[in-house]
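A quick write-up on the structure given underneath.
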Amino acid sequence: MTSTHAHADALAHLNPAQREAVLHFQGPILVLAGAGSGKTRVLTTRIARLIEEHGVDPRHILAVTFTNKAAGEMRERVARLLGEEPAGMWVGTFHAIGARLLRREAALAGRTASFTIYDEEDALAVVRRVMERLKISTKQWTPKAIRVAISDAKNALVGPEEYASLALDPLSRAASQVYTHLEPTLREANAVDFDDLLVLPVRILQGNADRLAAYRARFQFILVDEYQDTNRAQYQLIKLLGGEHGNVLVVGDDDQSIYGWRGADIRNILDFEKDFPSAKVVRLEENYRSTPEVLELANTVIRENTSRRGKTLRATRRSGEKVTVVGSLDDRDEADFVAEEITARRRAEPSLSLGDIAVLYRTNAQSRTLEEALRRRGIPYRLVGAVRFYDRREIRDLMSYLKLIANPADDEAFRRAVSVPRRGLGETTIDQLDGIARAAGVPLLVAATRADLVEGLRPAARQALGGFAALIERFRARAADAAVDELLRELVEEIRFADHLKAEGPEGAERLENVRELITSAAETVADEGGELGLTPLDHFLQRASLVSDFDRLNPDADAVTMMTLHNAKGLEFPVVFITGLEEGLFPLSRAQEEPEMLEEERRLFYVGITRAQRKLYLTHARSRRRNGEIMPSMPSSFLRPIPPAMLEQRSTIRLRGSGQSVLPQPPSVRRPGIPVSRPVRGSDPDVDASQDAPRFVKGERVRHARFGSGTVVELSGVGRDMKVTIDFDDEAVGRKRLVVAYAGLERGWD
C-alpha cells in the first residue's frame, strides 16, 4: 500500500471528532481525549497529514510525549503511514527534547556539548558534598530531603534567590543554602541533573531572543501528549516555542490529571485558551476500550468533580457484566476473595489468561496481603513500578536487624543493620572491623564486643560499635519469648527508625507505611500460624519471610497477574480489573477530606482505575483493616456514595456474612453519627460536667484513638463538652485531625 493510500485509509477509520482534530491545520487546538478514545491514532495521523497533505517539512515538527516507549511507537506509526522515516522530526519526552536542545546551546548554560547528565544517585552525591562543605548536618536533613525540595523548586521555575526569600521553615532554609551553591558546583563538573534538562532550556530561551526566534522558526508545528501532566517548566517551554505562531496541538484529559503531588498543574489544560485565545476545542468521547457498564460508572464518579472541562465517555463495545462491589470482613478476607475470584473466573473462562488480570491499590503497602493470598494459591503475579514487599529497602533494613538478632553470625545482616540509621561508622571502619574479625576467626558482631580486638579503632567508632552490639544483645534476650510484632515495635522506637524515614521527605511517609505493614505481617504470622515445633516466633517469621522473598521471579512476559498502584496503572488496560481498599481514609486518603483540590485528584485517580477495565471491574472494601499491627474499623469509600445501587452488583464474602456484619456502614456523608466504644479518658463523658479537678490534655501529650491509632496533641480549645483537641496521628494516611474530646474516646499516655 502506498503512503497516500495508507494515510487515506487511516483517515477513513477515524470517527468525526478524531477526524476534526486531524484535519485541523493552523492555529492552536486542544484535544480533550477521554480514556480509551484513540488519541495516539489522532496524533500520528495528524503528523502524517501535515507532512503528506500540507507539505510540512518533518524538520518543522516537534512531538512531545511522556515516555520513551510512547515516543518510539509514535515514530514507528508515522513511518508506517508515510512509508518512510520522518527525517528531521524531533520526537521524544520533555527531558529528551530538553537534552537535545541543551547540547546545541550548551555554552549558554556554562557547559560544553559533552556535559554529563547525573542520575538520581549522582545528584544525591553532589547534594551531599555541598551539604558537607556548608556544614549542614546530613543527620538532621538527609540529602534526599534536600534534593526533593530543590527539585520541586526547579520544576516550578523558582530560582535560588526567589527560593531563599520564600524559605521559612528549617528544611527549606537548609535546602536554600544548598540550592545557591548547587548550580556552580554542577557547572564546574560540566554536568546537569535531570531537572536541569527542563529548566536550563527554558532559561536559555527566556534570556536569548535570537535563540528563541531560531527555535520558533524551526518548530512551526508542535504536538504535546498527556498535557494534563505538565509542570510549570514543561508548560513554559511549550508556551515559549509555540506562543508566537500558535500552531500547537495539545492532547490530554483533565479527568486523568493525577500527578499534582509531583508538580503537575491541572490548570495548564483547564486554562489552555487563556494562553491561546483562538484555540479550537475537540472532545474525543467515543471509548474503544470498555463496556457501557464500566463507562457509566466512570462518568457517574467523575461528575462529582468541579474542576473539569466536562465530557461523557460513550462506549463502542457491546454491553457486558455489571460492575461488582464486594464487602469483606478484613483486608485478609479481601485478599482471599481476589485470589479465589481470579481462580473461579479462569475456571469458567479458560481463554482468560493471568496476564489479562490486574489488581490495583492506592498504596504499595497494601500489596503484601494480596501477594500472600496469591502465593498461597500458587497464582503467579508480577509487581509493576515497585519491588516486592520484602525486597523494599526499608523492609530489608529492619529485616537485617531481625536476622542478626536471630543469628549473631550473620555478617551480611550486621553490615546492613549497623549502617541504618547512621551511627558515624563509615565503610572504612567496617572494613577495618572485618579484617580484625577475620583474623580472630569470629563474626563481626562478636568482634564489635571485644575490647582487645577493637582497641586500634578510633574511640567514637569503638563506642558506636559497642552501643550497637549491646542493642542487639538486649533484643536477643527479648526475642526468646516475645511476639515478633512487639519486638519490631520496640526496635523501631529504639533506633528512631520513623525519624530516619521522615527525614527523607515526602517519600518517607510511604516507607513508614510499609514499616507498619511489616509489623502487621509479624502480628498475623504469630496469630494465624502459631509457629512450628522447635522454632521461636522470630525464627518462624524469618523463615516465612525468606520464602516470600525467594519466590520465583517472574519473566516480564510470563503469564501472571499484574499488581500495581493506581498511579502506575495509568495508560494501561486489562480485560479484568480489581480496585481494592476502597475505604474512607485509605482511598481517598484521610487528609484529602480537608483539601478539596486533593480530594478531586483522588477522585480522578479512582476514575483512572475504573477506565483501565475493558470487560469486568471489581471494587472491594473491608469492614476492618490491620494498621500498624492492630485491627482498625473502616467504612466504604465516599467515592461509592453517588453510584446508584442499580448500577452495581452487590456482594459480600462468606466470612463477612458469617460475622453478622454484612450490612456495612454508609460513607461519612450519610452515616449516622455515633460514639466509638473505647476506654474513655476520665472527664470526657459528655454527660458529666467538666470541673477543675478533671484531667486536661496538654500540648505534646501522647494519646490513642480507637480508629485512628496513636498520636500527639498539638492544639487545644474550648472547655467541658465543647473541648476540642487537634492531634497529629502517627499514621500518615490519617494525618492531622480535630476532634471533640467528649466523643473521641481518647486514651492517654500511649507511645
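The structure presented is a predicted model; accordingly, all values stated were derived computationally and were not measured. Residues: numbered from 1 along the sequence shown. Just so you know, these numbers use all the heavy atoms, side chains as well, and skip hydrogens, waters and symmetry mates.
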Problem set entry | Test of ring centre spacing under 6.0 Å for H245 and F219 | no

Problem set entry | Sequence-distant partners of R111, salt bridge (Lys or Arg N to Asp or Glu O under 4.0 Å), two or more places apart | E183

Problem set entry | Non-neighbouring partners of D275 that pass side-chain contact (heavy atoms from CB on, under 4.5 Å), sequence neighbours left out | Y235, K239

Exercise. Would you say the side chains of R128 and T142 form a donor-acceptor pair under 3.5 Å?
Worked result: no

Exercise. Listed by chain and number, what are the salt bridge (Lys or Arg N to Asp or Glu O under 4.0 Å) partners of R267, not counting sequence neighbours?
Worked result: D265

Problem set entry | Value rounded to 0.5 Å, distance of CG in L589 from CZ in R362 | 4.5 Å

Exercise. Does a donor on one side chain and an acceptor on the other come within less than 3.5 Å for T306 and E600?
Worked result: yes

For this session: Check the side chains of S172 and D169 for a donor-acceptor pair under 3.5 angstrom, ignoring hydrogens and angles.
Result: yes

For this session: Identify, with sequence neighbours excluded, every residue that meets side-chain contact (heavy atoms from CB on, under 4.5 Å) alongside S165.
Result: E162

For this session: State whether the side chain of D397 and the backbone N or O of V420 hold a donor-acceptor pair below 3.5 Å, judged by distance alone.
Result: no

Exercise. Taking the inter-plane angle between the rings of H567 and Y259 on a 0 to 90° scale, is it parallel (under 30°), tilted (30 to 60°) or perpendicular (over 60°)?
Worked result: tilted

Side-chain donor-acceptor pairs under 3.5 Å in residues 25-38, sequence neighbours left out?
| residue | atom | partner | partner atom | Å |
| --- | --- | --- | --- | --- |
| S37 | OG | G34 | N | 3.3 |
| S37 | OG | G34 | O | 2.6 |

Problem set entry | Set of ring pair (Phe, Tyr, Trp, His ring centres under 6.0 Å) partners for Y288, sequence neighbours left out | none

Exercise. Between D193 and A123, is there a donor-acceptor pair closer than 3.5 Å when you use the side chain of the first and the backbone of the second?
Worked result: no

Exercise. Donor-acceptor pair, H24 side chain versus L249 backbone, under 3.5 Å?
Worked result: no

Exercise. Are D195 and S151 linked by a side-chain donor-acceptor pair shorter than 3.5 Å?
Worked result: yes

For this session: Output yes when R203 and E105 qualify as a salt bridge under the 4.0 Å nitrogen-oxygen rule, no when they do not.
Result: no

Exercise. Could you state the interatomic distance from CD1 (I61) to CD1 (I51), rounded to the nearest 0.5 Å?
Worked result: 4.0 Å

For this session: Could you tell me whether E273 and R309 have a side-chain N and a carboxylate O separated by less than 4.0 Å?
Result: yes

Exercise. For Q220, which residues count as a side-chain contact (heavy atoms from CB on, under 4.5 Å) partner, sequence neighbours excluded?
Worked result: H60

For this session: Please list, chain by chain and in numerical order, all residues satisfying salt bridge (Lys or Arg N to Asp or Glu O under 4.0 Å) with E510, sequence neighbours excluded.
Result: none

Problem set entry | Ion pair check, R612 and E573, cut-off under 4.0 Å | no

Exercise. Going by an N to O cut-off under 4.0 Å, is there a salt bridge joining R308 and D253?
Worked result: no

Seminar exercise, completed: For P170, the side-chain contact (heavy atoms from CB on, under 4.5 Å) test, sequence neighbours excluded, returns W141, R173

Exercise. Do any N or O atoms from the side chain of R232 and from the backbone of G263 form a donor-acceptor pair under 3.5 angstrom?
Worked result: no

Exercise. Do the charged groups of E52 and R49 touch, with an N to O distance under 4.0 Å?
Worked result: no

Side-chain donor-acceptor pairs under 3.5 Å in residues 174-181, sequence neighbours left out?
| residue | atom | partner | partner atom | Å |
| --- | --- | --- | --- | --- |
| Y179 | OH | V158 | O | 2.8 |
| T180 | OG1 | S176 | O | 3.0 |
| H181 | ND1 | Q177 | O | 3.0 |

For this session: Examine the side chains of N568 and T565 and answer whether a donor and an acceptor come within less than 3.5 Å of each other.
Result: yes

Problem set entry | Sequence neighbours excluded, every pair satisfying salt bridge (Lys or Arg N to Asp or Glu O under 4.0 Å) that has a member inside residues 21-38 | none

For this session: With sequence neighbours left out, write down each residue that passes salt bridge (Lys or Arg N to Asp or Glu O under 4.0 Å) with R46, or none if nothing qualifies.
Result: none

